[in-house]
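All values below come from the heavy atoms of this structure, side chains included, with hydrogens, waters and symmetry mates left out.
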Amino acid sequence: PATEPLALAALALAGHGRNTEAEAACTKLQELQNPEGSLGVSASETEPHWPTAWAILAWQAFGVLASPKSRNPFQAAIDKAITWTMTFAGEPLARTTEIGHDSTLIGWPWVATTHSWYEPTC
């Protein structure tokens with residue numbers, strides 16, 4: 001399965017109390033997680049990594065909605081994904097009139113070796 005729709009389905013399932021199905025989707029996301037913590041587009045396409053944020057949200061939602069009184073079974077995957085996200089940074093570009101946002105900011109890029117996308121995605 002593609003990672004992004006799988007994560008969105010997990011979020012929807014968790015939000016509607018379909019815990020068994022949400023857990024299965026979250027487990028599949030965990031299987032798709034790369035060793036360093038990111039998630040790619042699918043099992044065969046481990047880059048780009050934008051689905052990582054969706055997976056974090058899905059795992060967190062499952063933990064909060066399905067088992068609020070116990071430890072989130074996906075906490076290790078969440079921690080690993082957050083650690084990766086906090087260290088993955090874009091390449092700054094000189095400001096130009098062709099790019100309408102500040103391309104000198106350092107932060108999370110959608111795709112490796114591109115500039116950070118703080119302003120357009122916030």
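- For E98, the salt bridge (Lys or Arg N to Asp or Glu O under 4.0 Å) test picks out no residue, with sequence neighbours left out.
- One hydrophobic cluster holds both F88 and W50 under the rule that ILVMFWY side chains link at heavy-atom gaps under 4.5 Å.
- Heavy atoms only, all atoms of each residue included: A7 and A55 are closest at CB-N, 4.0 Å.
- Put simply, CD on Q30 and NZ on K80 are 8.5 Å apart, with the number rounded to the nearest 0.5 Å.
- For W84, the side chain to side chain donor-acceptor pair (under 3.5 Å) test picks out no residue, with sequence neighbours left out.
- No side-chain heavy atom of E36 sits less than 4.5 Å from a side-chain heavy atom of T87.
- Although no hydrogens or angles enter the test, the distance criterion places a donor-acceptor pair under 3.5 Å between the side chain of T3 and the main chain of G40.
- Distance check: I78 CD1 to L57 CG gives 9.5 Å after rounding to the nearest 0.5 Å.
- Below 30°, between 30° and 60°, or above 60°: for W59 and F74 the angle between ring planes is below 30°, a parallel geometry.
- For the residue pair D79 / Q75, a side-chain donor-acceptor distance below 3.5 Å is found, with atom types taken as modelled.
- The shortest side-chain heavy-atom distance between L32 and S42 does not fall under the 4.5 Å cut-off.
- With values rounded to the nearest 0.5 angstrom, L29 atom CG is found 11.0 Å from I56 atom CD1.
- Between the side chain of T104 and the main chain of P92, no donor-acceptor pair closer than 3.5 Å is present.
- Residues F62 and L39 are members of one and the same hydrophobic cluster, defined by side-chain heavy-atom contacts under 4.5 angstrom among Ile, Leu, Val, Met, Phe, Trp and Tyr.
- Counting only heavy atoms from C-beta outward, the side chains of L11 and W54 approach each other to under 4.5 Å.
- Smallest separation of non-hydrogen atoms from A22 and A14: CB-N, 3.6 Å.
- Remark: side-chain polar atoms of Q33 are paired, donor with acceptor, to backbone N or O of A77 under 3.5 angstrom.
- E47 meets the salt bridge (Lys or Arg N to Asp or Glu O under 4.0 Å) test with no other residue; sequence neighbours excluded.
- Minimum interatomic distance between N72 and Q60 (heavy atoms only, all atoms of both residues): ND2-CA, 3.9 Å.
- The OG1 atom of T20 lies 10.0 Å from the CG atom of L13; values are rounded to the nearest 0.5 Å.
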